[in-house]
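Okay, structure first, notes after.
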Amino acid sequence: MVRQMQDISCKVLVIGAGPGGYIAAIRAGQLGLDCVIVEGAYYGGTCLNVGCIPSKAIIHAADEFEKAMHFAGDSAIGVKAGKPEIDFSKTVAWKDGIVKRLTGGVSGLLKKNKVRAITGWATFVDGKTVDVKGGDEDCRIRAENIIIATGSAPVELPFLPFGGNVISSTEALDLPAPPKKLAVIGAGYIGLELGIAFAKMGSKVTVVEALDKILPLYDNELTRPVEKKLKSLGVDVRLGARAKGASDKDLEIETADGKAETIKADKILVTVGRAPKTEGWGRENLVLDMDGRFIKIDDKCETSMRGVYAIGDVTGEPMLAHRAMAQGEMVAEIIAGQNRNWDKRAIPAVCFTDPEVVSVGLAPEEARSSGYDVKTQVFPFSANGRAMSMEAEDGFIRIVARADNHLVLGVQAAGRGVSELSTAFGLAIEMGATLEDIAGTIHAHPTLGESFQEAALRTLGHALHI
Ligand code: NAI
C-alpha cells in the first residue's frame, strides 16, 4: 500500500535545529509567524549534543581533576588533599545529563513559541517545497520562506577514515575512559581544547600539526601562554608534521625534516577542521550560487534564490554558534517584515584551552594590514592583584586602537577565565568605544577586568599599575 504523504503549508520552514535554526524558529514563533522546523538527527545540533556544550563539561571535569592533583602535591596556598581518581564513565553520564536538559529545553522553547517541530530528513523538491522522510511521518512541506541551517561536519582525512581507533570529536566526548596514549591531528580549536583536557586526565598526548604553529588563527603573543601550558602538561607537540596513515593502531607521520615516524596511540583524534553540510538535502534541485565551499548569502542572509535564506556554518567562517544564532534571529525578523541587515562590527572568538584565548575584532597585524595606523599595548595579569590571588598570572589583555581617534578596533586576551571577559570586549567594540571610554569606566576592584581598563590606560601612555 502506498502511504499518503501529509501536506503541510507554512510561512517559514527551518531546516536544521542547531543554534542557528532553533533560534530562527523561536524568533519566528515569537513574531507570530507560522513556523515549522525539521531536524534529522538531534535538537540543539552539533553545539548542544556533540560540540560546544559537552566539550565544555569534559574540559571542566579535567580542570577540576587537575586542581585535585595539584592539591595532592605541594601546593603554595596550603591546601592539601589525597590523591584523586577520576571515574570517567560518571563524568560522561554527568555531561549527558547536561546535554539532555539543554536539548529538552530547546524542544520546550519551540513548543512554547508554537513552532511545529518535525523529526525526519528534509530534501528540497524546489525552492518552495521540501519532502521530509525517515521520521515519525513522511510529509511534503510548502513554505513561503525557507531557512537552510544544515551546519557542518568534521573533515575526514581520506587516508585515516573515521572508525575504530580513528575518532572525531563526537566519539572523543563519549569514550569509556581517557585513552592511555592519544594522538591528535590538528592543533586548532578542537585538537587543543580536547588534547589539553585529556592530558590533564592522565592521557599521554601527542599533537601533530601541519603548520609551524599551534592555533594558526591567533598570533604568537596570544598562543605563547598555551604553548607554555602544553609543555608543563607534557604534551608532545609536533609542528610542521603531517599525518600519513595508521598502522595497527599507531599513527604514521612525516616530521618537519621529512622523516617517517610512528606515534604510539590507543586513539587517534582527527581535528583538521569542519566542512559545511551542502550535500544530502537536495541542493541539486535548487539554483544556489556558492561562495567557495559555502552557500553564498547577502547581508540579509538571503541566497541567490528569493525566499531561500541560509545561516550558520553552511554560509561561511567563522563557523561559530553565536554567529549562527545572530543570523537566525535576524532572518526571522526580516521575514516578519522588519528592516534588518548584518551590521555587526565583531564576532568574538573564544578558544577554551588552558589558558583560554579570546579575540574580538582586529589583532594588531590584521589592523595594520587593513590600512590602520594603530596604537596597541598589553596589560599582563602578573600585575593584577585578583589574578595573583587566584594563581592565574599567566596571560594578559591587549587592546588595538586607531592611532588618530583612539577608536578600539580589537581586544585580545589569554588567561584563566578570559572567556567571560569577551562580553565586555564585544560590547566595547559594538558600541564604538574609544580608549578614553574604557579608561574612564570604573572597573570593580579586585577583578581580572581591571586589566582591560589598565590596557586602555597603558595604550594612552599612563597605566597606573605597571
Ligand atoms: P581548526 O580549523 O580550528 O584547526 C585545524 C588544524 O588542523 C589547523 O591548525 C590545520 O593546520 C591542521 N591540519 C589540517 N590538516 C592537517 C594534517 N593533515 N596534518 C596535521 N595537521 C593538519 O579545526 P577544528 O579544531 O577541527 O575545529 C573546527 C571548527 O569548529 C573551528 O574552526 C571552529 O569554527 C569550530 N570550533 C569552535 C570552538 C570554539 O569556539 N571554542 C571549539 C571547537 C570548534
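All ligand and atom numbering here is 1-based and tracks the order in the structure. Values in this document were obtained by computation on a predicted structure and should not be read as measured data. For the numbers below, each heavy atom of this structure counts, side chains included, while hydrogens, waters and symmetry mates do not.
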Is the distance between the ring centroids of Y22 and Y43 less than 6.0 Å?
no

By the side-chain hydrogen bond (donor to acceptor under 3.5 Å, both in side chains) test, which pairs, at least two apart or in different chains, include something from residues 49-61?
K56-E193

Can you tell me if CZ on R340 sees more than 12 non-hydrogen neighbours from other groups inside 6.0 Å?
yes

Of all residues at least two apart in sequence or in a different chain, which pass the side chain to side chain donor-acceptor pair (under 3.5 Å) check with D219?
R398

Sequence neighbours excluded, which residues qualify as side chain to side chain donor-acceptor pair (under 3.5 Å) partners of K249?
D266

Tell me, yes or no, whether the heavy-atom count around R345 atom CZ, taken from other residues, nucleotides or ligands under 6.0 Å, exceeds 12.
yes

Who's touching ligand 1 if we go heavy atoms under 4.0 Å?
L157, I185, G186, G188, Y189, I190, G191, E193, V208, E209, A210, L211, P216, A241, R242, A243, T271, V272, G273, R274, M319, L320, V350, F352

